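Quantities reported herein were computed from a predicted structural model and do not represent experimental measurements.
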Amino acid sequence: MNVLITGSRGFVGGRVAQRLVAAGHHVTALARDANAADFARGKGMAPLLGTLANVQALAAAAKQADAVVHAAASMDPAFGPMNAKAVAAILDALRDDAIFVMQGGTLVFGDTGPSAAPQPVFAPIPPLRDRAELDRSVLDHPRGAIAYASYVFGGEGALLPGLLAAASAKGPVPYVDDVYWSAVHIDDWVELIQLIVTAKHTGARFAAAFDVSIREAAEHIARKNGTTSEAVDPLALAEKLGPFGASLALQQRFNATAAKSTGWAPGVLSLEPEDNSVGA
């Protein structure tokens, strides 16, 4: 397959890119400058010089691709509008036999309640309203796919474990009791993305390997960081960790049936084996 990938140096995209190269696919990586281009070549990829703002170049490359993996991500407020334009351009250029696969975070679905939702509906936390609209546009496209994950752990770069770990520098790792999330190791999430790409599955897939309580996650991080954990009021999470940290008071439980229909079988089924897992 000819695969175009964005975010090939990122937490998720870097792992996806290397899996695809190792599997023998021809991977073209969007590279913002000469250093990024050299990095791509060193990893066995062909560089496409430019950024997400270069929508014409992206569209032209997408038209030649069998699959596009969109793994670019940023917390910069300016990223959202640029990202939306880039995704729209790629989707417009996509061939009828190609696939567009994007990584997704489940906070666009808000609080799921205590049970895993078979078909969750969009109910995003306020900072993610525009992202929810983008996700809708991808899932409405006949060749669009999103691989969603909630509590991602393993390696460096996972957002929510990172927030909890950062909180330990200011004291105990905070958590809210009786809150559960669907958890997945980064390598298992990446494997799901690879399966979606190579088999050209469309629609949404949820990488829900197992349920983990936020208390368990906080205790796990506290042990690794040599500190303690403590139960807090939900409002205290916002004070300590900001709007995304406050989301750790929401239930985030998802059904993995659609993911497993691709042949996906997660290999890590608890937080504890993390240090013995590839990529951890």
query: Can any side-chain N or O of Asn54 pair as donor or acceptor with the backbone N or O of Thr51 at less than 3.5 Å?
result: yes
- prompt: Can you check whether Arg41 reaches Pro47 side chain to side chain, under 4.5 Å on heavy atoms?
  reply: yes
message: Would you say that Leu248 contacts Val179 through its side chain, given a criterion of any heavy-atom pair below 4.5 Å between the two side chains?
response: no
task: Could you pull out the closest heavy-atom pair between Thr227 and Pro172, with the gap in Å?
output: OG1-CA, 4.3 Å
query: Under a 4.5 Å side-chain heavy-atom rule over Ile, Leu, Val, Met, Phe, Trp and Tyr, are Phe39 and Ile5 clustered together?
result: no
- line: All heavy atoms of Pro161 vs all of Val152, minimum pair found to be CG-O, 3.0 Å
- request: Group every Ile, Leu, Val, Met, Phe, Trp and Tyr by side-chain heavy-atom contacts under 4.5 Å, then state whether Leu58 and Phe79 land in the same group.
  value: yes
message: Measuring only between side-chain heavy atoms, which start at C-beta, is Leu139 closer than 4.5 Å to Phe122?
response: yes
task: Could you give me the CA-CA distance, side-chain angles and deciding distance for Arg143 and Thr202, then say whether side chain to side chain contact (heavy atoms under 4.5 Å, CB included) is met?
output: CA-CA 6 Å; Arg143 306 307 301 161; Thr202 58; 3.9 Å; yes
- request: Say whether, by atom type as modelled, one donor and one acceptor occur between the side chain of Asp66 and the main chain of Asn2 under 3.5 angstrom.
  value: yes
query: Any chain of hydrophobic side-chain contacts (each under 4.5 Å) joining Val121 to Val138?
result: no
- prompt: What is the distance from atom CG of Leu160 to atom CG of Leu164, rounded to the nearest 0.5 Å?
  reply: 7.0 Å
query: Just wondering, more than 12 heavy atoms not from Asp130 lying within 6.0 Å of its CG?
result: no
- prompt: Has the side chain of Thr262 got a donor or acceptor atom that lies under 3.5 Å from a matching backbone atom of Leu195?
  reply: no
statement: Rounding to 0.5 Å, atoms CE (Met45) and CD (Gln18) come to a distance of 5.5 Å
message: Would you say Phe109 ends up clustered with Tyr180 if hydrophobic residues are merged whenever their side chains have heavy atoms under 4.5 Å apart, either directly or through other cluster members?
response: no
task: Would you confirm whether Asp188, through its side chain, and Val268, through its main-chain N or O, come within 3.5 Å as a donor-acceptor pair?
output: yes
- prompt: When you look at Thr198 and His25, which way does the side chain to side chain contact (heavy atoms under 4.5 Å, CB included) test go after all the steps?
  reply: CA-CA 9 Å; Thr198 54; His25 301 292; 3.6 Å; yes
- prompt: What closest approach, in Å, do Gln103 and Arg131 show between heavy atoms, and which atom pair accounts for it?
  reply: O-NH2, 2.7 Å
field: Thr6 (side chain) donor-acceptor with Ala72 (main chain) under 3.5 angstrom
entry: yes
Side-chain donor-acceptor contact under 3.5 Å, Thr257 with Asn255: yes
- prompt: Do side-chain atoms of Thr112 reach the backbone of Arg253 as a donor and acceptor pair under 3.5 angstrom?
  reply: yes
- prompt: Do you know which two heavy atoms are closest between Val173 and Ala218, and how far apart they sit?
  reply: CG1-CB, 3.7 Å
Any side-chain heavy-atom pair of Val232 and Glu239 under 4.5 Å: no
- prompt: Backbone N or O of Ala65 within a donor-acceptor pair of the Arg95 side chain at under 3.5 Å?
  reply: yes
message: Please verify the inter-ring angle class for Phe210 with Phe153; under 30° counts as parallel, over 60° as perpendicular, anything in between as tilted.
response: perpendicular
task: Begin with the C-alpha distance, continue with both residues' side-chain angles, and end with the deciding distance and a verdict on salt bridge (charged side-chain N to carboxylate O under 4.0 Å, His left out) for Glu133 and Arg129.
output: CA-CA 7 Å; Glu133 289 302 316; Arg129 286 172 181 157; over 6 Å; no
statement: The reported gap from CG in Leu107 to CD in Gln252 (rounded to nearest 0.5 angstrom) is 4.5 Å
task: Just do the side chain to side chain contact (heavy atoms under 4.5 Å, CB included) check on His70 and Leu52 with the steps written out, would you?
output: CA-CA 10 Å; His70 185 43; Leu52 292 180; 4.0 Å; yes
Side-chain donor/acceptor of Trp181 to backbone N/O of Leu250, under 3.5 Å: yes
task: Report the distance from atom CE of Met82 to atom NZ of Lys85, rounding to the nearest 0.5 Å.
output: 10.0 Å
Side chains of Ser150 and Thr106, donor plus acceptor under 3.5 Å: yes
- prompt: CD1/Ile146 to CG/Asp135 distance, rounded to the nearest 0.5 angstrom?
  reply: 3.5 Å
- prompt: Can Leu20 be reached from Trp264 by stepping across I, L, V, M, F, W or Y side chains whose heavy atoms are under 4.5 Å apart?
  reply: yes
- line: Rounding to 0.5 Å, atoms CD1 (Ile214) and OH (Tyr175) come to a distance of 11.5 Å
Exam field: side chain Arg205 to backbone Ala147, donor-acceptor pair closer than 3.5 Å: no
query: At their closest point, which heavy atom of Gly154 faces which heavy atom of Ile186, and how far apart are they?
result: O-CG2, 3.4 Å
- request: Provide the closest heavy-atom pair for Pro114 versus Gln251 in the form atom of the first, atom of the second, distance.
  value: N-CG, 4.4 Å
message: Can you confirm whether Arg9 is buried at CZ, in the sense that more than 12 heavy atoms of other residues, nucleotides or ligands lie under 6.0 Å from that atom?
response: yes
query: Aromatic rings Phe206 and Tyr148: how do their planes relate, parallel, tilted or perpendicular, breaks at 30° and 60°?
result: parallel
statement: Paired with Phe100, the side chain to side chain contact (heavy atoms under 4.5 Å, CB included) test is passed by just one of Val197, Val69, Leu91, namely Leu91
